[in-house]
Amino acid sequence: MKDSDELLRWYDGAKREMPWRSGRDPYTIWVSEIMLQQTRVETVRPYFNRFIERFPTVDSLAAAAQDEVLALWSGLGYYRRARQLHAAARQIVADGGRMPSSEEELQKLPGVGPYTAAAVASIAFGVVAPVLDGNVERVLSRVLALEGDPRRAATRRRLLEAAGRLLDPARPGDSNQALMELGATVCTPKSPECGECPLAAGCAGLATGSPEHYPQLPERRKPRRQHRVAVVVERDARVLLIRRPDDSELLAGTWEFPWAPAGKDGGIEQSLAERFGGNWQIDRRLGRVRHAITHRALEVEVVRGSVAGGEAIAQGIESGWFTAEEIERLASSSLVGKILRCAGAAGTSTAADSGSRPCGP
DNA sequence: CATACGTGGGC
DNA sequence: TGCCCAAGTAT
C-alpha cells in the first residue's frame, strides 16, 4: 500500500474532533487556520467557538469594531493576527464578499502566508496544494533523515516536494491534515510513538535509531527581561487604561495600564508624567505580576496611583476610564485582566487588601 | 535571512 | 524554576 494511503487510513481512524472540522465553510476554516498559527489545538478550541458564535460570517466580522475583535482574541497572543484577520475580512467584503479560493489569491490577504494559503485552499476548496508547517517539517525531516537546519529555503523546497508526494489528489485537505495530525499526536518533538506511525516502515530517521535527532533546529536566543511598574488608577469604580498605537511593535491596538520602566530611583512618577502628562501620585502597596513573553519577559510591579490635574493625559495618547465589566468585554490584553485581579480594583476581586503580597501566576 | 511577535502547558 | 515547544507571518 502506498504511503499516502496508509496515512489517510490512519487519519480516518485517529483524527481528533475539532469544531472547525464539522463543515467546509471557507470563512470558518480560514479563521481556524489563523488561530492555529503557532498555537495548540486545545488552546484554540474555546476561542474559536466564541469567535464564530459572535462572527459567524465574513460580513459580520467586517462590520465589527476592531476593539471587539481584539477583545475576543484577548489571551490568545500574537494580536497582529486578529487585526490582520479583521482587515482581510473588510477587504474581502469590499471586493464582493466571496472568499478567495486559490493559493495565489489567498496569499494576498494580510496575515495569510504560504502555509495558510495552502491549508485553506486544500481543506476548503479541494485544491491539491501541500502544506509545510512545524508538524510536517518535523515528520518529513525524520522520514527523510534530513540533516541541517530545515528552515533554510533549499531544505524547505525538498520538504515541500516530499509533502506533495504524500498528497492524495482526491483528498488533499485530509492528506494535509493527516500529516499535521500525525506530527501533533504521534511524531511528537520528544518521545515519538513510532509504533503507532503509518509511515514507520519507510522512515529513514527511525532506521537510524534516534528519530528525535531530527529536525535539527537552530538554538533560540534567550529572552531579555524588562522590569516595569504598572499603575492602577481607580476613580468612581473605574480604572484608567491607555491604548497602544496600532503601529506599536508590541501588543498593538490593545489596552493596558499606564506603566513606566522600573529601577530609576524615585523616577516612576516623573516617567509617567513624561509619557502621559499630569501629576502622578503613587501609593506603593500592591504586588507583582510576572508576564512572560517568548522573547521578552516582563516583571510587572503593580502599584496604586492617582492622577492630579483632572484628565491630564497627554494629547495624542488614547486613554479612557473603564469599569470592570467594560474591561471584561473590551480590554484586549490578558495582562490587563491579570493586573486587575492582582490589584483588586473596580470590584473585580476580594484581594483588595492584598498589601504587598506578590500576586500573579 | 534573522528576528520579533504572546501565551500556556509539559517536563 | 527554567527551558522547550506549538496548524507562521511580516519585516
Side-chain angles (χ1 to χ4, degrees), chain A residues 15-16 18-21 29-48 70 73-85 87-88 106-120 122-124 130-139 149-156 163 173-185 187-192 212 215 217-226 244 247-254 256 289-299 332-338 360-361:
Chain A
K15 67 179 174 189
R16 296 169 290 178
M18 300 178 194
W20 48 90
R21 281 189 177 156
I29 289 165
W30 170 46
V31 171
S32 77
E33 289 301 339
I34 299 296
M35 286 191 170
L36 285 162
Q37 288 170 6
Q38 299 286 284
T39 312
R40 294 172 197 280
V41 166
E42 291 315 311
T43 303
V44 165
R45 200 184 290 272
Y47 283 88
F48 174 83
L70 280 168
W73 208 272
S74 176
L76 196 53
Y78 287 129
Y79 299 96
R80 183 170 59 183
R81 293 183 296 177
R83 289 184 289 108
Q84 290 181 320
L85 182 69
L106 283 161
Q107 213 170 322
K108 287 177 184 165
L109 299 173
V112 177
Y115 163 77
T116 306
V120 173
S122 64
I123 298 170
V131 299
L132 182 52
D133 75 327
N135 287 308
V136 177
E137 174 187 304
R138 179 173 57 258
V139 172
D149 181 357
R151 311 216 166 153
R152 293 202 332 267
T155 315
R156 294 187 70 81
D174 284 341
S175 294
N176 279 329
Q177 293 186 83
L179 218 39
M180 293 190 281
E181 190 86 346
L182 187 65
T185 63
C187 193
T188 47
K190 291 170 186 168
S191 309
E212 279 188 69
L217 296 171
E219 283 187 26
R220 296 192 176 202
R221 286 189 54 177
K222 290 178 183 173
R224 297 181 57 171
R225 196 151 289 222
Q226 296 181 3
R244 299 181 65 87
D247 59 358
S248 168
E249 192 179 312
L250 183 69
L251 296 169
T254 63
E256 65 181 1
V289 173
R290 181 172 181 279
H291 182 51
I293 302 179
T294 305
H295 301 288
R296 315 176 194 198
L298 305 179
E299 298 281 350
S332 38
S333 164
S334 65
L335 184 55
V336 169
K338 282 180 190 171

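The sequence lines fix the lettering, A, B, ..., with proteins before strands; numbering per chain opens at 1.
- The backbone N or O of Glu256(A) lies less than 3.5 Å from no partner atom in the side chain of Arg244(A), so there is not a single donor-acceptor pair.
- Within 4.0 Å of Pro110(A), counting heavy atoms only, lie sugar-phosphate atoms of the nucleic acid but no base atom.
- Nearer to the 5' terminus of DNA chain C, by closest-nucleotide assignment, is the contact made by Lys190(A) (compared with the other of Leu132(A) and Lys190(A)).
- Computed from coordinates, the Glu256(A) CD to dG6(B) P distance equals 12 Å when rounded to whole Å.
- In this structure, Arg21(A) reaches the bases: a heavy-atom distance under 4.0 Å links it to at least one base atom across the strands shown.
- Two residues are said to be in side-chain contact when any heavy atoms from C-beta on lie closer than 4.5 Å; Thr43(A) and Leu76(A) meet this criterion.
- If you check every strand for non-hydrogen atoms under 4.0 Å, Val131(A) touches nothing.
- Between the side chain of Arg80(A) and the base of dT9(C), a donor-acceptor pair under 3.5 Å is found.
- Atoms CH2 (Trp73(A)) and P (dG8(B)) sit 15 Å apart, rounded to a whole Å.
- Remark: Glu42(A) pairs with Arg45(A) by the salt bridge (charged side-chain N to carboxylate O under 4.0 Å, His left out) rule, at least two apart or across chains.
- Taking atom C1' on both dA6(C) and dC1(B), the two are 22 Å apart, rounded to the nearest angstrom.
- Every residue two or more places apart in sequence or in another chain was checked for a side-chain hydrogen bond (donor to acceptor under 3.5 Å, both in side chains) with Tyr47(A), and none qualifies.
- Proximity note for Trp20(A) (side chain, C-beta onward) versus dG8(C), dT7(B), dA7(C): the nearest is dA7(C).
- Atom pair Arg151(A):CZ and dG8(C):P shows a separation of 9 Å (rounding to whole Å applied).
- A donor-acceptor contact under 3.5 Å is not formed by the side chain of Tyr115(A) with the base of dG8(C).
- Residue Tyr79(A) places at least one side-chain N or O under 4.0 Å from the OP1 or OP2 atom of dT7(B).
- The side chain of Thr43(A) places no N or O atom within less than 4.0 Å of a non-bridging phosphate oxygen (OP1 or OP2) of dG9(B).
- Using a 4.0 Å cutoff on non-hydrogen atoms, the parts of residues 32-42 of chain A near DNA chain B are Gln38(A), Thr39(A), Arg40(A), ordered by number.
- Nucleotides dA7(C) and dA4(B) place their P atoms 22 Å apart, quoted to the nearest Å.
- Separating the P atom of dT1(C) from that of dG6(B) is a span of 24 Å, rounded to the nearest Å.
- The side chain of Pro189(A) lies closest to dA6(C) when the candidates are dT9(C), dA6(C), dG6(B).
- Distance alone, capped at 3.5 Å, is enough to place a donor-acceptor pair between the Arg81(A) side chain and the Met35(A) backbone.
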